[in-house]
Amino acid sequence: MEQTDLLNTNPIDYNDDSIVHLEDMEHIRLRPGMYIGKLGDGSSHDDGIYVLIKEVIDNAIDEFTSGFGKKIEVKINFAERKVSIRDYGRGIPLGKLVEAVSKLNTGAKYDSKVFQKSVGLNGVGTKAVNALSSYFKVQAIRDGKTRIAEFSEGKLTNDSGITEILPTTHHPLPTDSTNGTLVEFIPDSKLFGNYHFISEYVERRIWNYCYLNRGLTMYYNDRRYYSKNGLLDLLENNLQSDPLYPIIHIKEGDFEAAFTHVNGQSNDYYYSFVNGQHTTEGGTHQSAFREAYARVVKDFIKKDYSPEVIRQGLVCALCVRIQEPVFEAQTKTKLGSTHLEPNKVDGSNDSPLLKTYVLDILKRNLDNYLHMHSETADALLAKINANEKERKEIAGIKKVAREAGKKASLNNRKLRDCHVHYNTNHARRLESTIFITEGDSASGSITKSRDVDTQAVFSLRGKPKNTYSISKVDVYKNEELNLLHNALDIDDGIENLRYNNVVIATDADVDGMHIRLLLLTFFLRFYPELIQTGHVYILQTPLFRVRNKQKTTYCYTDDERIAAIHDTPKAEITRFKGLGEISPDEFKNFIGKDMRLDPVLLHKDFDTKGVLSFYMGENTLERREFIMSNLRIEDDESIVVG
């Protein structure tokens, strides 16, 4: 056979017709991942529908930080899935309104004189919202004049032109005539599928905007949000354990940080931001703080402890503001800038290094604070000494466990790995998922029906150990738990997490629920940041299948089952008591694009310690009484009744 046949047995013509030009909106719709990271259905905090909300609010925040408008209103109509965002800034210039929301590389943020320390500097955000929405409306109001433009899938459908806002009979001017911008949109279900908004995700973003922008008032579905003390409020409202010393709050220039230590945390944890953007993956500013903090504290205590020992248990909220920040992706979750200002035209940069700027501030402020507050300094030193003692205690067993884990990982029959991982730069990294299942039966169905590129499976051998009252040493000694955290690669922090989505996939029976509790206890005790950062989910699988010869309906609730029975004459009803009862051909429907996931969320007033003690601690009288008063007897025969 000739060499050309080996290289190409089915040649495709490459000619003038192969060259295709896409308009701006068409390109965004064709490659949405380049602009918003991923699509998703709203189950995950980083799904595209929340990025769309963020992009619009970012523009409103940029108006606020430039000194225009102290109020932003956000409304979501959950039934219509419509988002409405109104700011009271200057309003988009009326003559360029349509271009500003539909033409790439168009906007005022290319002029750094107008927006000095903005997040949205690439002129893409609102255009992406427009392109990815089935309905998009923008209205700008400036000095008694307004203009409204409406779009569908990025295409202009209506333009009111510039009109005067006229007084009404009862009011000199309508109440909505204040300068600013109104944006309404409905994400396109043709792209996002059967999506839904989770209010907690939106509320968390609203709070973050308020923490980072003192003096700003936000309204979300008519509820008022306001922060008086910035990052200090953020940390106080999000700590899952009692602080070991009063929160240290430092604010100087374009730097702000609030931090303390807590017990029960294996590493340091950060809420980090740049120009108000939540950098969930950290970046150069976070690295600068980590390095500077360890250096300043080490110099103060005058002990040669490692940075990891000094930072273990540290919880920090951090924000820096820099000119024209460079992020590593359009979704802006990791900062790449090394200086406070961008490079000059010739490539040079004489602005301060970010790491030097942060170090100088901590040297002045933290060192002074510790000298002036001896009780805090003593508590900090006690925590660091305890960290060093723990490190020495587990050093030997940790080394043995790691070596055993590495060996087991190479031939671990309980882990069916995937090709794409979260801790890489792969285009599909956000889709990387690991299903934690109970037993070989359940894992078999998932393994046969999964996407081998992005979905891994870890099979438990029955119920894992209750970790409520054990130490980290016991975790290393437990083979299954050791294999699990090695598979996730989270022992040294979640920076190396291999899967974006950690999905607990157990049966919907008593044993399955118990396994869920045991796994959640393990994560909350030793890796709480995994849950805090929104990586843990519960897989929903159907409880019933209702079918006849014409159609099949999978039902996740009793209400869905009853409705399906009424709509399906001569129905055959099957109750799935375990994941292993679902065939691989059926299972692929439940872990594909229509997969239903319940996120594990920690509300700011959630008592982690109390809940774990009650449910997973000693079998107290109160817990026995709770169980007895909540027992429910289920009649299997009732499933066939509509």
Side-chain angles (χ1 to χ4, degrees), residues 54 57-70 89 108-122 205 207-216 227-235 247-259 270-296 314 316-328 332-344 348-369:
K54 181 195 79 68
I57 296 180
D58 280 351
N59 290 337
I61 293 294
D62 288 336
E63 283 292 301
F64 169 79
T65 56
S66 298
F68 301 93
K70 295 184 177 181
K109 293 175 186 177
Y110 295 104
D111 181 359
S112 60
K113 297 176 184 177
V114 180
F115 292 95
Q116 283 289 321
K117 288 167 181 158
S118 166
V119 173
L121 287 170
N122 51 23
R205 288 181 182 271
W207 269 122
N208 285 343
Y209 282 119
C210 292
Y211 295 139
L212 293 161
N213 298 278
R214 279 182 286 186
L216 172 69
S227 171
K228 180 180 179 181
N229 301 306
L231 295 187
L232 178 62
D233 290 340
L234 186 157
L235 211 59
I247 295 173
I248 301 173
H249 189 198
I250 297 173
K251 191 175 191 304
E252 179 182 316
D254 290 320
F255 172 91
E256 182 181 4
F259 48 90
Y270 297 86
Y271 303 91
S272 70
F273 303 85
V274 174
N275 294 10
Q277 167 64 36
H278 193 183
T279 43
T280 53
E281 296 182 75
T284 50
H285 62 313
Q286 185 170 309
S287 298
F289 179 89
R290 297 180 81 226
E291 181 180 330
Y293 177 85
R295 181 173 169 180
V296 171
L314 179 71
C316 173
L318 165 71
C319 181
V320 297
R321 295 187 183 276
I322 61 179
Q323 282 194 25
E324 300 184 25
V326 175
F327 296 95
E328 295 192 4
K332 311 183 186 85
T333 55
K334 189 174 185 179
L335 181 68
S337 300
T338 57
H339 290 74
L340 295 184
E341 297 178 8
N343 291 341
K344 296 179 179 179
S348 65
N349 196 323
D350 54 11
S351 68
L353 280 167
L354 184 56
K355 62 187 298 185
T356 304
Y357 177 72
V358 173
L359 176 60
D360 289 345
I361 290 176
L362 284 185
K363 273 184 177 179
R364 283 192 300 273
N365 292 275
L366 180 55
D367 186 73
N368 288 343
Y369 184 94

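Since the structure is predicted, the reported quantities are computational estimates derived from the model, not experimental observations.
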message: Working to the nearest 0.5 angstrom, can you tell me the gap between Ile322 CD1 and Thr338 OG1?
response: 8.5 Å
query: For the side chain of Thr356 and the backbone of Pro352, is there at least one donor-acceptor N/O pair under 3.5 Å apart?
result: no
field: Under 3.5 Å donor-acceptor, Ser348 side chain and Lys344 backbone
entry: no
- request: Find out whether Phe327 and Gln277 are in side-chain contact, i.e. whether some heavy atom of one side chain is under 4.5 Å from a heavy atom of the other.
  value: yes
message: Ser351: which residues meet the side-chain contact (heavy atoms from CB on, under 4.5 Å) condition with it, sequence neighbours left out?
response: His339, Glu341, Asn349
field: Spacing of CD1 belonging to Ile250 relative to CG belonging to Leu231, to within rounding of 0.5 Å
entry: 11.5 Å
query: With sequence neighbours excluded, what pairs up with Ser337 under the side-chain hydrogen bond (donor to acceptor under 3.5 Å, both in side chains) test?
result: none
query: Can you check whether Val274 reaches Thr279 side chain to side chain, under 4.5 Å on heavy atoms?
result: yes
message: To the nearest 0.5 Å, what is the distance between CG on Asn368 and CG on Leu362?
response: 11.5 Å
message: Taking salt bridge (charged side-chain N to carboxylate O under 4.0 Å, His left out) as the definition, give me every residue that meets it alongside Arg295, ordered by chain and number, with sequence neighbours left out.
response: none
- request: For Lys334 and Gln286, test the side chains for any donor-to-acceptor distance below 3.5 angstrom and give the result as yes or no.
  value: no
task: Write down the atom of Cys210, the atom of Ser227, and the distance for their closest heavy-atom approach.
output: O-CB, 3.5 Å
Residues that Tyr369 engages under ring-ring contact (aromatic ring centres under 6.0 Å, His included), provided they are two or more places apart: His373
message: Measuring from atom CG of Leu232 to atom CD1 of Ile248, what distance do you get when rounded to the nearest 0.5 angstrom?
response: 11.5 Å
task: Please round to the nearest 0.5 Å and tell me the distance separating atom CG of Leu335 and atom NE2 of His285.
output: 5.5 Å
- request: Find the distance between CG (Leu235) and CG (Asn229) and round it off to the nearest 0.5 Å.
  value: 12.0 Å
- prompt: Is any side-chain heavy atom of Asn275 less than 4.5 Å from a side-chain heavy atom of Thr65?
  reply: no
- request: Check ring-ring contact (aromatic ring centres under 6.0 Å, His included) between Tyr211 and all other residues, then give those that pass, not counting sequence neighbours.
  value: Trp207
- line: By ring-ring contact (aromatic ring centres under 6.0 Å, His included), Phe259 pairs with (sequence neighbours left out) Phe289, Tyr293
Lys228: partners by side-chain hydrogen bond (donor to acceptor under 3.5 Å, both in side chains), with sequence neighbours left out: none
- line: Hits for side-chain hydrogen bond (donor to acceptor under 3.5 Å, both in side chains) against Glu252, two or more places apart or cross-chain, chain-then-number order -> Arg364, Asn365
task: Report yes if the side chains of Tyr357 and Leu340 come closer than 4.5 Å at any heavy-atom pair, otherwise no.
output: yes
message: Taking salt bridge (charged side-chain N to carboxylate O under 4.0 Å, His left out) as the definition, give me every residue that meets it alongside Lys251, ordered by chain and number, with sequence neighbours left out.
response: none
- prompt: Taking only residues two or more places apart in sequence or in another chain, which ones pass side-chain hydrogen bond (donor to acceptor under 3.5 Å, both in side chains) with Tyr271?
  reply: none
message: One thing to verify: whether Lys70 and Glu63 come together as a salt bridge, which I'm taking to mean a side-chain N less than 4.0 angstrom from a carboxylate O.
response: no
query: Between the side chain of Ser272 and the main-chain N/O of Leu318, is any donor-acceptor distance below 3.5 Å?
result: no
message: Test of understanding: with salt bridge (charged side-chain N to carboxylate O under 4.0 Å, His left out), list the residues that count as partners of Glu291, not counting sequence neighbours.
response: Lys355
- prompt: With Phe273, which residues qualify under ring-ring contact (aromatic ring centres under 6.0 Å, His included), at least two apart?
  reply: His278
